[in-house]
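For clarity, every value in this text was computed on a predicted model and none was experimentally measured. Convention: sequence-line order gives letters A, B, ...; per-chain numbering from 1.
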There are 2 protein chains.
Amino acid sequence: MAGFLESLESCLERHIPCEDLAEVKRVLSRGEAKLDLPALALSAAQKRDFELQGYGFEAAPEQLRRPRIVRVGLVQNKIPLPTDTPVAVQVAALHRRIEEIVEVAAICGVNIVCFQEAWTMPFAFCTREKLPWTEFAESAEDGPTTKFCQELAKKYNMVVVSPILERDEIHGGTLWNAAVVISNSGAVLGKSRKNHIPRIGDFNESTYYMEGNTGHPVFQTQFGTIAVNICYGRHHPLNWLMFSMNGAEIIFNPSATIGTLSESLWPIEARNAAIANHCFTCPINRVGTEYYKNAFTSGDGGKAHHDLGHFYGSSYVAAPDGSRTPGLSRTQDGLLVVEMDLNLCRQVSDKWNFKMTGRYEMYAEKLTEAVQPYFIPSVIKE
Amino acid sequence: MAGFLESLESCLERHIPCEDLAEVKRVLSRGEAKLDLPALALSAAQKRDFELQGYGFEAAPEQLRRPRIVRVGLVQNKIPLPTDTPVAVQVAALHRRIEEIVEVAAICGVNIVCFQEAWTMPFAFCTREKLPWTEFAESAEDGPTTKFCQELAKKYNMVVVSPILERDEIHGGTLWNAAVVISNSGAVLGKSRKNHIPRIGDFNESTYYMEGNTGHPVFQTQFGTIAVNICYGRHHPLNWLMFSMNGAEIIFNPSATIGTLSESLWPIEARNAAIANHCFTCPINRVGTEYYKNAFTSGDGGKAHHDLGHFYGSSYVAAPDGSRTPGLSRTQDGLLVVEMDLNLCRQVSDKWNFKMTGRYEMYAEKLTEAVQPYFIPSVIKE
């Protein structure tokens, strides 16, 4: 069962002696440089009761390209109000909470901020109830949350990635799990819908929305080319690959996942994607336990219960060279500020060149064969 | 720079207090059950100066399938003789060393054993010299090493996976990096050639052999359906995927890689493949430092030198549920014996069902588009 280890890093730092710690961190690849953050930001974070961490990834100097330094901010947070509070009140409280975190991100010089999956609501899909949860859905183009994010973007000159439950009125009022990408100018650049939908345990999301139809768009912003791979897409290497094929340098992965289900996968998948695709990846997980009035079962033979378990936070950033930052807390709200030189992507690509050794023509053919209903696998027997 | 931490696990066990250790191991997913190994095997391993570790992965009982328990053995080893010893003498010494390790594997009840990449030779491709290194190449079908492995297979009723430098006489004497798969009956089942060839640092392998043309065969053995993804194929998620599409339950990954280059990637890629493909993966890395008479440079501006660095061992097994065994030593020869119930593969697949949520039809189309020379990426700008 999941305990409540505050974070792996703090535990290692407390117990491993100095002479071994550097080597342990190297083998775990948790040695990225601490970033100096403004005292004002640190004290504001403390007052507002969230963890603030900063790390930096460097690249080698080049002759023809200047460094392309960007600061990203990853936000993980609990829901501030009980899930049976009126919908509008919950949304307003989340807007306020995010506003005070983004203000600190701005003090830290963050250029691109990303919130957690379905950030304006509890992750209520475990209940299989439609009301009131579907009332949290909004228009991606001009819903109140998008307007709220546009204000933040303009005010702080910040690109905002806002993952919401989307209501698509011009297509029959359908629901989608989508991320809205807002330029630092305040303009809505577009949206990216969740491509892969779970059907596992309490993640009954296929009850609410379908597989996304926006493909693998990348958003060319002033600060870098970004993409959004929402939650369950993390498990699908081809999803990451197609964002990368379209040119993504930073792929955000806003998520909602719990300890007993996925904590053994969490440190692996996004980091593998950073390695395999020569890009930065930014997995974000919500934090805390969310309680529901009506009990529900989990398809595991257990009794009906009122929560789906502990969202373990642990948001982090992985770099194309396989290194990563430590994770944010497993239990607290947090803002992770990471400075990166995007030149590192091409530098690592030129070193390993998986896009050149990848033999994609062969795989395009093989995958085309493999999806045929009467595909004959290549099996050798005695 | 790479230090010589003996292993991450031993360091954690020495320093982290009991009350936190279980939780640290859980977050790192290094908690698999220790396997009781015969005292005779343990003492033989000690006498023969190699590490012997055993772990087990369990699956839930099912009604219609009996447990499918298999024991795999992963062998990592140094080269026993200097690289300027006559070729035949080096090969003979390696045969002897492997023979004494496999004998212990047999005592441990191993059903399928896999050796490291190009196990009959030093990993001499850093030199870019052709002679004497190409003299280590052998016929996959009836070379002396294949005959040696056939004897082992018959004697111990063991499937043997033998990765060698292959000389293909019927195709103009071409060289390949290949793994020969030998049935427990002693019959050569076939071979699987390395699909992805590195061009990085001292891994000048594209000087010696080309991308494999055997596709992604799986071998249906008495103990389970296995595949071999050689070394650099580890970095390519599509390579793992196609072995899995063909039905692999265990994918071996015999490798040769060094600390400064890849140690931050090593714990990630094969484990991600086990997760993404609902199968077991078995990465094996050679160990030690190999010295060459003629100095060579590494394309990094450094001085000519006589070795390509420290092969850090750390062979491990990852399971479809995201858990993994600890790694073998970073510095010593070793045999890792892992018992697994192959029923776990389908159980995890039925739980997460990435093969069902994977939308492979879409990716087959998208990849077909993406490989076109004039592919237009999906980019959204303001």
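In terms of non-hydrogen atom pairs under 4.5 Å with chain B, the most contact-rich of A/Asn246, A/Val371, A/Val188 is A/Asn246. Of all the listed residues (A/Thr221, A/Asn195, A/Thr225), the one sharing the greatest number of non-hydrogen pairs under 4.5 Å with chain B is A/Asn195. Ranking B/Ile16, B/Leu189, B/Ile200 against chain A, the residue ahead of the rest is B/Ile200, based on heavy-atom pairs under 4.5 Å. Residue with the most contacts toward chain B among A/Val181, A/Asp321, A/Ile275: A/Ile275 (heavy-atom pairs, distance under 4.5 Å). Interface check for chain B: of the options A/Glu211, A/Arg199, A/His216, A/Glu269, the most heavy-atom pairs under 4.5 Å are formed by A/His216. Of the residues considered (B/Gln222, B/Gln372, B/Met245, B/Met356), B/Met245 shows the highest number of contacts with chain A, using heavy-atom pairs under 4.5 Å.
A/Met242 touches chain B through its side chain: at least one heavy atom from C-beta onward sits under 4.5 Å away, while N, CA, C and O do not. Neither the backbone nor the side chain of B/Glu369 has a heavy atom closer than 4.5 Å to any heavy atom of chain A. Using a 4.5 Å cut-off between heavy atoms, A/His236 contacts chain B through its side chain alone, with no backbone atom that close. For chain B, the nearby parts of A/Leu261 are the backbone and the side chain; heavy atoms of each come within less than 4.5 Å. In this structure, the portions of A/Asn239 lying under 4.5 Å from any heavy atom of chain B include both its backbone and its side chain. Both the backbone and the side chain of A/Leu265 come within less than 4.5 Å of a heavy atom of chain B.
Ring planes of B/Trp352 and A/Tyr232: parallel class, angle under 30° (limits at 30 and 60°).
Taking SG of A/Cys11 as the reference point, atom NE2 of B/His15 lies at 12.5 Å (rounded to 0.5 Å). The CG atom of B/Leu12 lies 6.5 Å from the CG atom of A/Leu12; values are rounded to the nearest 0.5 Å.
Applying the side chain to side chain donor-acceptor pair (under 3.5 Å) test to A/Thr257 and every residue at least two apart in sequence or in another chain returns A/Ser262. For A/Asn353, there are no side chain to side chain donor-acceptor pair (under 3.5 Å) partners at least two apart in sequence or on another chain.
In this structure the side chain of A/Arg14 reaches within 4.5 angstrom of the side chain of B/Asp20, judged on heavy atoms.
Considering all non-hydrogen atoms of both residues, A/Asn272 and B/Pro237 come closest at ND2-CG, 4.3 Å. Minimum heavy-atom separation, B/Pro267 to A/Ile268: O-CD1, 4.2 Å.
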Could you go through residues 375-382 of chain B and list every donor-acceptor pair under 3.5 Å that involves a side-chain atom there, pairing it with any protein atom two or more places apart or in another chain?
| residue | atom | partner | partner atom | Å |
| --- | --- | --- | --- | --- |
| B/Glu382 | OE1 | A/Ser183 | OG | 2.6 |
| B/Glu382 | OE1 | A/Ser185 | OG | 3.4 |
| B/Glu382 | OE2 | A/Ser185 | OG | 2.3 |

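Using a 4.5 Å heavy-atom cut-off against chain B, the contacting residues of residues 358-367 of chain A are A/Gly358, A/Arg359, A/Tyr360, A/Glu361, A/Met362, A/Tyr363, A/Ala364, A/Lys366, A/Leu367.
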